[in-house]
Amino acid sequence: MPIEPGKGTRSAKSPLRFGQHAPSLNDRLDTIAADLRARDPDGAEVVDRFIARLKAACIGDDTPAAGEALPFFIMPDQDGRLTSLDALLRQGPLVLVIHRGHWCPYCHATLSTLAELHSRLLPARIVAVSAETQRFTRRIRAETGAQFPFLSDVDAAYAETIGLAVTIEPPLRDLLEKSGKRIPDFQGGRRWVLPVPAVFLLDQDGIVRARHVDPNYRRRMDVDVLLEAVAKLAG
């Protein structure tokens with residue numbers, strides 16, 4: 001199961017070197033998953049069953065697709081300043097990254113990768129969104145070396161609006177609690193709710209040009225696919 005980055009998940013924090021022999025992001029995520037499965041096979045089976053149920057329920061299928069607009073939002077950033085989707089889009093195209101939180105090694109690796117990739121994605125800019133409070137958005141921002149904003153989706157309300165919020169069922173909840181990952185404590189509420197991780201590339205009109213949504217949070221948008229989509233949009 002997810003454990004805090006830095007505790008047995010060296011690959012989640014190691015810097016990504018973009019080059020001919022560099023592992024892809026999903027290769028790195030596969031390594032994390034294999035390590036977690038080796039150390040806790042029973043926990044990995046709980047995760048497998050949870051993901052299978054999300055897929056069977058078609059979670060994410062109703063999320064805005066290419067050609068559709070992403071709904072408006074206003075959220076506080078890591079310093080508590082209110083930030084709107086409109087304000088972000090005025091700066092250029094946007095890569096909106098919805099993640100689970102600072103405690104998730106898959107999210108940590110993904111955001112570390114995007115932090116290194118940031119300049120190559122220009123003119124598109126990145127913004128990360130989770131349901132965590134500023135205490136934890138500041139933490140993951142610092143740990144990943146990111147220079148882009150980290151927003152707090154209070155009570156996972158926006159994730160719910162776009163069809164990405166899921167309630168954590170008791171077996172997985174118990175597993176998280178045993179590892180010290182009390183999700184409500186990170187989010188400042190009582191609900192055991194997490195978003196399905198997603199990436200949306202938006203043009204300046206807020207229209208989705210590319211996206212990645214997968215109930216299997218151990219898989220993320222391929223870096224090359226994202227770079228190609230940004231280049232196509234900029235061209």
Check your understanding: Counting only heavy atoms not in D86, do more than 12 fall under 6.0 Å of its CG?
Key -> yes
**Study point:** Heavy atoms from other residues, nucleotides or ligands near CZ of R182 exceed 12 (cutoff 6.0 Å)
**Key:** yes
Exercise for review: Determine, stepwise, if the pair D42 / R37 fulfils salt bridge (charged side-chain N to carboxylate O under 4.0 Å, His left out).
Suggested key: CA-CA 8 Å; D42 292 339; R37 188 177 297 276; over 6 Å; no
Review point. Could you walk me through whether V208 and L202 pass the side-chain contact (heavy atoms from CB on, under 4.5 Å) check?
Key: CA-CA 5 Å; V208 177; L202 306 177; 3.6 Å; yes
**Study point:** Stepwise side chain to side chain donor-acceptor pair (under 3.5 Å) check, E132 with H102
**Key:** CA-CA 8 Å; E132 295 196 307; H102 78 286; 2.8 Å; yes
Exercise for review: Output, in order, the C-alpha distance, side-chain angles, deciding distance and verdict of side-chain contact (heavy atoms from CB on, under 4.5 Å) for R211 and V199.
Suggested key: CA-CA 5 Å; R211 73 164 192 172; V199 174; over 6 Å; no
**Study point:** Separation of R173 CZ from I183 CD1 (nearest 0.5 Å)
**Key:** 10.5 Å
Point to revise | Worked check of salt bridge (charged side-chain N to carboxylate O under 4.0 Å, His left out) between R191 and E160 | key: CA-CA 13 Å; R191 299 203 304 164; E160 193 164 6; 3.5 Å; yes
Practice item. Could you check whether the rings of F136 and F186 sit parallel, tilted or perpendicular, using 30° and 60° as the cut-offs? Key: perpendicular
**Study point:** Derivation and outcome, side chain to side chain donor-acceptor pair (under 3.5 Å), residues Q147 and H118
**Key:** CA-CA 8 Å; Q147 298 300 309; H118 198 187; over 6 Å; no
Review point. What do the steps show when you test K178 against D174 for salt bridge (charged side-chain N to carboxylate O under 4.0 Å, His left out), and what is the final call?
Key: CA-CA 6 Å; K178 287 178 182 177; D174 292 344; over 6 Å; no
Exercise for review: Answer whether the closest heavy-atom distance between the side chains of R220 and C107 falls below 4.5 Å.
Suggested key: yes
**Study point:** With V154 via side-chain contact (heavy atoms from CB on, under 4.5 Å) - residues at least two apart
**Key:** none
Review point. Donor-acceptor pair, T133 side chain versus Q187 backbone, under 3.5 Å?
Key: no
Exercise for review: Give me the ring orientation class for Y106 and Y217: parallel if the planes are under 30° apart, tilted from 30 to 60°, perpendicular past 60°.
Suggested key: perpendicular
Practice item. Check the pair M75, Y158 against side-chain contact (heavy atoms from CB on, under 4.5 Å), reporting the backbone distance first and the verdict last. Key: CA-CA 9 Å; M75 300 180 195; Y158 190 73; 3.5 Å; yes
Check your understanding: Using 4.0 Å as the upper bound for N to carboxylate O, is an ion pair formed by D77 and R141?
Key -> no
Exercise for review: Start with the C-alpha gap between D30 and R219, add the side-chain angles, then the distance that decides, and say whether salt bridge (charged side-chain N to carboxylate O under 4.0 Å, His left out) holds.
Suggested key: CA-CA 8 Å; D30 286 344; R219 306 295 297 172; 2.6 Å; yes
Practice item. For residues S130 and T137, determine if any side-chain heavy atom of one lies less than 4.5 Å from a side-chain heavy atom of the other. Key: yes
Check your understanding: Is atom CD of E228 surrounded by more than 12 heavy atoms (other residues, nucleotides or ligands) closer than 6.0 Å?
Key -> no
Revision key, fill the gap. Taken to the nearest 0.5 Å, the spacing of R209 CZ from D203 CG works out to 4.5 Å
**Study point:** F200 side chain near M221 side chain, heavy-atom distance below 4.5 Å
**Key:** no
